[in-house]
Every structure is written in structure tokens, then in C-alpha cells.
Amino acid sequence: WHKSRLFTSLKETYSFVAPSTAPETNLVPLIYKKDKFNLIESGFIYFRDTPDYTKGSTWGVFEEKASGKKLAVFCTHFWWKYQGEKPHDLLRVSNAALLTDKAIEMCEKYNIPAVALGDLNSGYSLPTLDYFKAAGWKLAEEDAVETTKEGSYNHDPVRGADGKYHGTKTTDDYTKSLDHIVFRGEIKAMKFRIVSDQYALDVSDHSPIWCDFEV
């Protein structure tokens, strides 16, 4: 990702949250529209119980220039191995706890809501989402005014005779999704969607997810 043209092509419109504590090659990047938001504070959470440098969370507190409203946002990627095996499920719960602690700290410091999003490597049968709900978070795919029941975790793209990779959309519903958006505080989820266009399926086994919020 860092060697591709993706980041450089976005720099004209977007700024990257780049905490000094984050790894040089940050694999959980967080970007924002620089003409719309000011970055007030930021940081990086190391998942100290998780033996994988690619997992962590980049976070920022943003202020909308037009309204002065503030929001904390966390981009994250949780531990991925052996879903359904207790020691590994507990690592994902540990990831969720570390993220939650920082979110509560920022929510209380600025009296603001928070949103966290990313590949949590957790379907509905695993304890990660139960932990989030018990800790006061809501799931966008459950609470949004307008939502979808699609799943986000697809099959791996396969190289075709044309030499290019082509993905296939999963037939699983949202309970098998590994990617989630959670939120807390005075914020309303309006529209939750999964991007299942062919170009998205061709580049990853995960479909992008997004949600519109009102603060």
C-alpha cells in the first residue's frame, strides 16, 4: 500500500493522521478531508497482547470547520488467527478493550461521541462484538436508520485467463461479516452500506463498509 500511488494521489484532498508513536509503515491509516476538518489530537494504540505489528489502531479527534462539532474516530485491524478458539478470541477482546479505553478517555476529555471501524476479524458468533456492546458501543449495521443485511467477507480474488484478479461476492449475510463500524455517545447512524462493486471485489476478500452519521 505504501509503495503504490494510492496515498500520493489522495494527498491533494486528504490529510493523513500520522502520530509520532505509529509505526513508520502504518497499516491502519486514517485519512480525513482537510478542507472540512481540523485534527485536534491523535495517537496510535499498540495492541500489546497481540504479537503482530500490522495490528493496532490509529485514532484522531476531529473538529468540523463549519460547525465546530467534534468527533473521535478510530481506524483499526484486530488479531486474525483461529476464530472460535478461546485464546485467540480473547486476544481480539483485548484489542477491543484497549481501543475502548482510549475512546472513553477522548469522549470524556472533549465531551464528544466516537466511531471505530475496521476489520475486527469477528463475526457475530465470536465474543468481540459482545464485548463492544457490553462496553456501551452500538453496531452501525444494526442501529442505522437505513442498513443492509449483506456480508462483507468474500472469497479471495482469483487470477483469470486475462492475468487479472477477479473477486466473487459472498452469499453469506451480515452475521458472517468480519468488518464492522461501532459508535458511542450522542451520534446517530443514518445509512450503513457495503461496497460490493466489482472493482472492490477484485482487490480484496473484504468489501469496504461505510456509514453516514449525524452528530
Side-chain angles (χ1 to χ4, degrees), residues 1-2 6-7 10-50 53-78 92-120 122 128-129 131-144 179-193 208-215:
W1 289 105
H2 284 269
L6 176 65
F7 293 163
L10 291 174
K11 282 186 176 178
E12 210 169 291
T13 305
Y14 294 90
S15 287
F16 287 76
V17 178
S20 60
T21 52
E24 185 176 345
T25 302
N26 185 355
L27 298 181
V28 281
L30 179 60
I31 65 174
Y32 62 97
K33 279 193 170 182
K34 55 188 178 184
D35 66 340
K36 189 171 183 178
F37 296 100
N38 293 317
L39 178 63
I40 305 301
E41 186 174 346
S42 66
F44 184 87
I45 303 170
Y46 284 98
F47 293 156
R48 57 178 178 265
D49 295 335
T50 302
Y53 79 98
T54 69
K55 306 300 183 281
S57 178
T58 301
W59 60 269
V61 174
F62 300 94
E63 179 185 53
E64 187 181 39
K65 293 180 179 180
S67 67
K69 293 179 179 178
K70 295 183 179 68
L71 174 70
V73 181
F74 294 74
C75 178
T76 192
H77 193 176
F78 283 9
R92 283 178 278 273
V93 171
S94 172
N95 297 167
L98 289 170
L99 188 155
T100 297
D101 288 346
K102 179 55 69 172
I104 291 173
E105 179 187 339
M106 291 299 107
C107 289
E108 292 179 349
K109 179 176 180 178
Y110 293 99
N111 190 27
I112 56 173
V115 173
L117 64 156
D119 179 2
L120 307 187
S122 299
T128 312
L129 299 186
Y131 173 88
F132 270 124
K133 290 179 180 179
W137 298 88
K138 295 179 180 179
L139 281 171
E141 59 259 44
E142 290 184 346
D143 283 67
D179 315 282
H180 304 279
I181 299 174
V182 297
F183 63 100
R184 61 189 301 123
E186 296 300 314
I187 186 173
K188 187 174 184 179
M190 300 303 297
K191 183 186 291 186
F192 175 84
R193 283 288 180 271
I209 58 175
W210 62 268
C211 187
D212 279 339
F213 288 96
E214 284 186 0
V215 179

Inset, instruction - Could you verify whether a donor N or O on one side chain and an acceptor N or O on the other, from T50 and N95, lie under 3.5 Å apart? - result: yes

Spatial distance of atom [atom1] ([X]) from atom [atom2] ([Y]) [nearest 0.5 Å]:
X	Y	atom1	atom2	result
I181	L120	CD1	CG	10.0 Å
W59	T76	CH2	OG1	13.5 Å
E141	L129	CD	CG	7.0 Å
S94	L99	OG	CG	11.0 Å
T58	N26	OG1	CG	3.5 Å
L139	K133	CG	NZ	5.0 Å

May I ask you to check whether over 12 heavy atoms, not counting those of [X], lie within 6.0 Å of atom [atom1]?
X	atom1	result
F7	CZ	yes
N111	CG	no
K191	NZ	no
K34	NZ	yes

For [X] and [Y], work out which heavy atoms get closest and say how close.
X	Y	answer
T100	A135	CG2-CB, 4.0 Å
G60	L39	CA-CD1, 4.0 Å
A103	A114	CB-CB, 4.5 Å
C211	A189	SG-CB, 3.9 Å
I209	H180	CD1-N, 3.4 Å
P19	S42	CG-OG, 4.0 Å

With the side chain counted from C-beta on, respond yes when [X] and [Y] share a heavy-atom pair under 4.5 Å apart, and no when they do not.
X	Y	answer
L71	F213	no
S15	F37	no
D143	F192	no
K188	F183	no
K65	K36	no
I45	D101	no

Legend entry - Where at least one partner belongs to residues 10-32, residue pairs that pass salt bridge (charged side-chain N to carboxylate O under 4.0 Å, His left out), sequence neighbours excluded: none

Legend entry - Among E186, E41, E63, the one residue meeting salt bridge (charged side-chain N to carboxylate O under 4.0 Å, His left out) with K70: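 The passing option is E63.
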
Legend entry - Aromatic plane relationship, F78 with F132 - under 30° parallel, 30 to 60° tilted, over 60° perpendicular: parallel

Legend entry - Proximity of F44 and Y46 rings by center, below 6.0 Å: yes

